[in-house]
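Order of the sequence lines fixes the chain letters, A, B, ..., with proteins taken first and strands second; residue numbering starts at 1 for each chain.
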Amino acid sequence: MKSGKYSSTFLGTAYPVYYVTDKSEAISYIQRLLAQPDEVYVVDTETEALPQYKHIYQAALSPHLAVTRLLQIFTGRTVFVFDIKMIGSFEIFTELLETKRYCNHNSIFDLGFFYKYFGVTHMDFGCTYIAARLISHATVPSDAGLSLSLGSLVSGLFKTEMTKTMGVSDWSVPELTWEQLDYSAIDAISTYHLANRLAPKILRYGLARVYNLYKDAQHPLAKMHLNGIKLNVPKHKELIEVWRAELAASRRDLVKITGLDEITHPTIVKYLEDTLPPHILSIWPRTETGKLQTDTHAFTEFADLPIVQPFSRFSKSKTLCSSFGDTLLKSVNPATGRLHSQFRLAGARTGRLSCSGPNIQQQPRDKAVRDNYIPEAGHMFVCADYSQIELRCAAEVSRDEVMLKAYRDGVDLHRLTASLISKKRIENVTKEDRQRAKAFNFGLLFGLGAKKFSHYAKKSYGATVSSEEAAAGVATFRETYYGYREWQLSQTESAVKAGFCTTPCGKRRCLDYDNSYGPSMNTPIQGGAAECMLSALVRLNNLFTDTNITAKIVLTCHDEVLVECLPADAHKVKEAVEISMELGFLDVFPDGIVRGICECKSGKSWGDAK
DNA sequence: GGAATAGGCGCG
DNA sequence: AAAGCGCGCCTATTCC
């Protein structure tokens, strides 16, 4: 297609489309747009994989492997499609992007390209994807079978089908087809209409505050994605060899014990079914579908059977090899040599972030693994942790006097619980007592009962707690933190009655009728903690942008944030992180107690700085 | 032969 | 009557 004026039709209305391929022409349109009164525009982009990365799956989605081909702006009346490749300039758009207000569907994606190529440092950028997620979580109890893609939302709301095929078409061809240009224009136009439909719902469900928090949080999240984190590939390969050796050894042991020639999960289950005596088979834990359960818990119950130890080693090393072995190496970006995880706002219905490609939030805690996450040569890591953030949220939300007093007085709540449960004076509490108490504090936050508690304590804290001890501990916890228990009861009652519950910043979660007790207790706590962290990230990113500290936020893991910086800046970075985390907590709980809330360390690797 | 589901396990 | 947190990724299985 040649540059010029065309027209695209959406819902029976034809909109003028200016396809711009010339730099001076682009500049004159930009000037006109800059002179317009303040309105929210839609800005969208189409990207093309760089030639050397074309063979890589979904390369067009990575700002490091792709570049912007088209930049579309829809004003509500007119579409401008700027062909960046033909125009040959990014910087002529910087001011326009930084000064106007915008909206798009999944704006974090475009933001990565704006940061990388367009020299953008800040932007007022709404997102219909975030809005749709918030509204969906507020109104339907489950994500099952739900698509929040632009196409699905538009066809659902406007009863019109959008062509989906062009999105994955080749945007690198010298001359674009009319189908491609029309698609790019319709994308922007439909997003505009979608935004106008969603805005009143954000207000209706009281989501304005959390929406604005998420809108701001897009910036640090887009930057973390862009920054990525370096993996020490040679060291990680060595670690994989260790895991493989362990896998082989445990497999040999299992072959010897069972006589099977193929060791997989199903063959082991079959072996157990065939060989276990009836009196054991009858008490062996079962899965929901009635099969024999083979998780760690089921197996520790029968620790004296010879198959248990080797199978446990086998499962562990198998997981390490398959989830954290070569797959992690495959995630290394060929252009940067780093891992660029994607963080998704409200990925969890509680309001937590979710993470993928790789999921940095589920890397083994093992120091050997985390030591392979390293800063760029000549740099270092600063790592900060929110101390007991969920317990602090529990205290603030429930206003439990005992909890609040402990935090006011700088008392370690795990030690306090430990002294109550072990009936020892607080100064005599041992490390093991405290570890067990951690299990109680966190388990009880989830509303865990005595029955499931032993399993949880063993699995999460390696603590052995009998069912009698569990029952006594649960009772002690509930008596001691009486205000918190009261809150749990009133919270579940009102949430179940209303059919939804709410986080401190107002994210609403529609509850599943069959599973509402646990989530209604947990969502305000877990969600509140996540909101503190998002607030802190926004503040930290602003500090880094507004001052001359050159530091990169590289990852966040629920209560933890990792920053890469020059050793000379480490002190300033530490200060910035600490103040951001305190203020982040205060953004959510304005009268909150921040004493001892942030633990900050530095080091030469993630494991080292933790 | 691809999509969906269950089970298991990693993390917080 | 008791229980009750949240994710993503891998493997095996089942369904169409």
Side-chain angles (χ1 to χ4, degrees), chain A residues 137 143-145 262 264-270 285-299 311-312 314-328 330-331 341-344 346-366 369-370 385-386 388-391 393-394 438 441-453 455-456 459-461 471 474 488-489 491-492 495-496 501 503 509 511-512 514-530 533 555-561 606 610:
Chain A
H137 286 180
D143 294 331
E262 202 201 344
T264 63
H265 183 250
T267 64
I268 291 290
V269 171
K270 177 118 187 7
R286 302 268 171 173
T287 67
E288 279 194 13
T289 48
K291 291 176 190 158
L292 294 183
Q293 207 160 359
T294 56
D295 70 350
T296 333
H297 174 55
F299 264 24
F311 186 69
S312 164
F314 172 80
S315 306
K316 277 216 151 53
S317 47
K318 188 150 179 65
T319 304
L320 288 171
C321 287
S322 54
S323 295
F324 307 109
D326 289 338
T327 41
L328 200 59
K330 276 189 207 134
S331 300
S341 299
Q342 210 178 87
F343 295 87
R344 195 150 59 136
R349 299 178 71 80
T350 51
R352 269 192 176 183
L353 293 172
S354 70
C355 180
S356 58
N359 181 356
I360 212 89
Q361 297 175 331
Q362 61 168 168
Q363 296 306 304
R365 225 174 340 194
D366 182 1
V369 176
R370 301 218 174 179
D385 251 88
Y386 264 131
Q388 302 173 13
I389 185 66
E390 291 197 352
L391 282 173
C393 290
K438 262 175 121 167
N441 280 339
F442 289 121
L444 276 282
L445 276 187
F446 307 157
L448 226 55
K451 203 176 172 185
K452 273 203 171 177
F453 186 81
H455 177 201
Y456 169 76
K459 211 179 137 196
S460 303
Y461 297 93
V474 169
Q488 280 189 318
L489 295 174
Q491 168 66 16
T492 50
V496 169
C501 60
T503 67
R509 177 178 182 183
L511 294 166
D512 181 350
D514 299 323
N515 176 30
S516 50
Y517 281 86
S520 71
M521 281 188 271
N522 194 243
T523 301
I525 311 293
Q526 200 179 94
M533 183 49 100
L555 65 85
T556 180
C557 197
H558 304 305
D559 61 353
E560 179 185 350
V561 55
W606 188 13
K610 177 83 178 155

Review point. Which nucleotide, C:dG8, B:dG8, C:dG6, lies nearest any side-chain atom of A:Asp295?
Key: B:dG8

**Study point:** Min side-chain heavy-atom separation A:Pro358-A:Gln363 under 4.5 Å
**Key:** yes

**Study point:** For A:Lys291, salt bridge (charged side-chain N to carboxylate O under 4.0 Å, His left out) partners two or more places apart
**Key:** none

Check your understanding: How is A:Gly357 classified with respect to the nucleic acid when contacts are heavy atoms under 4.0 Å: base, sugar-phosphate, or nothing?
Key -> sugar-phosphate

Review point. Nearest to the side chain of A:His265, which nucleotide is it out of C:dG6, B:dG8, B:dG10?
Key: B:dG8

Exercise for review: For A:Thr294, answer base if it contacts any base atom (sugar-phosphate contacts may also be present), sugar-phosphate if it contacts only those atoms, and nothing otherwise; contact means non-hydrogen atoms under 4.0 Å.
Suggested key: sugar-phosphate

Study note, to complete from the structure: Out of C:dT13, B:dG12, C:dG8, minimum distance to the side chain of A:Gln362 belongs to C:dG8

Revision key, fill the gap. Closest of C:dC5, B:dG12, C:dC7 to the A:Pro519 side chain is C:dC5

Revision key, fill the gap. Whole-Å distance, A:Arg352 CZ to B:dG10 C1', equals 13 Å

Review point. Which nucleotide sits closest to the side chain of A:Pro266: C:dC5, B:dG10, C:dA12?
Key: C:dA12

Point to revise | Student check: side-chain heavy atoms of A:Phe311 and A:Ile268 closer than 4.5 Å | key: yes

Review point. Nearest-Å distance, CG (A:Asp559) to P (C:dC5)?
Key: 20 Å

Point to revise | A:Thr350 and A:Thr503, any side-chain heavy atoms less than 4.5 Å apart | key: no

Check your understanding: Can you tell me how far C1' of C:dC10 sits from CZ of A:Phe314, to the nearest Å?
Key -> 13 Å

Review point. How close do A:Ala346 and A:His137 get, heavy atom to heavy atom, and via which atoms?
Key: O-CE1, 3.2 Å

Review point. Counting any heavy atom closer than 4.0 Å, what does A:Thr327 reach on the DNA or RNA strands: base, sugar-phosphate only, or nothing?
Key: sugar-phosphate

Point to revise | Between P of B:dG7 and NZ of A:Lys316, the distance in whole Å | key: 20 Å

Check your understanding: So which nucleotide from B:dG10, C:dC10, C:dG6 ends up closest to the side chain of A:Asn359?
Key -> B:dG10

Exercise for review: Rounded off to whole Å, could you give me the NZ-to-P distance for the A:Lys318 and B:dG10 pair?
Suggested key: 14 Å

Point to revise | Closest listed nucleotide, where the reference is the side chain of A:Asn522 and the choices are C:dT13, B:dC9, C:dC5 | key: C:dC5

Exercise for review: Report yes if at least one side-chain N or O of A:Gln293 is closer than 4.0 Å to OP1 or OP2 of B:dG8; otherwise report no.
Suggested key: yes

Check your understanding: A:Arg344 versus A:Leu353: any side-chain heavy-atom pair under 4.5 Å?
Key -> no

**Study point:** N/O (side chain, A:Ser322) to phosphate O (OP1/OP2, C:dC9) under 4.0 Å
**Key:** no

Revision key, fill the gap. The nucleotide from C:dC7, C:dC9, B:dC9 with an atom nearest the side chain of A:Thr319 is B:dC9

Review point. For B:dG7, does OP1 or OP2 lie under 4.0 Å from any side-chain N or O of A:Thr287?
Key: yes

Exercise for review: Using a heavy-atom cut-off of under 4.0 Å over every strand shown, decide if A:Arg509 touches base, sugar-phosphate, or nothing.
Suggested key: sugar-phosphate

Review point. Quick one: does A:Arg365's side chain get under 4.5 Å of A:Lys610's, heavy atoms only?
Key: no

Practice item. Verify the contact: side-chain N or O of A:Arg344 to OP1 or OP2 of C:dG8, cut-off strictly under 4.0 Å; return yes or no. Key: yes

Check your understanding: Is the shortest side-chain N/O distance from A:Arg365 to OP1 or OP2 of B:dG12 below 4.0 Å?
Key -> yes

**Study point:** Integer-rounded Å distance: C:dC5 C1' and A:Gln361 CD
**Key:** 15 Å

Exercise for review: Pick base, sugar-phosphate or nothing for A:Gln526, based on heavy-atom distances below 4.0 Å to the nucleic acid.
Suggested key: base

Review point. Does OP1 or OP2 of B:dG8 have a side-chain N or O of A:Ser315 closer than 4.0 Å?
Key: no

Review point. Which string of ( ) [ ] | and . matches DNA chain C, if you list each base 5' to 3' and count Watson-Crick or G-U pairs only when both distances are under 3.5 Å?
Key: ....||||||||||||

Practice item. Starting from P on C:dG6, measure out to CG on A:Asp512 and report it in whole angstrom. Key: 10 Å

Review point. Quick one: OG1 on A:Thr264 to CZ on A:Phe314, what's the gap to the nearest 0.5 Å?
Key: 7.0 Å

Check your understanding: When rounded to the nearest 0.5 angstrom, what distance separates CD in A:Glu390 from SG in A:Cys393?
Key -> 7.0 Å

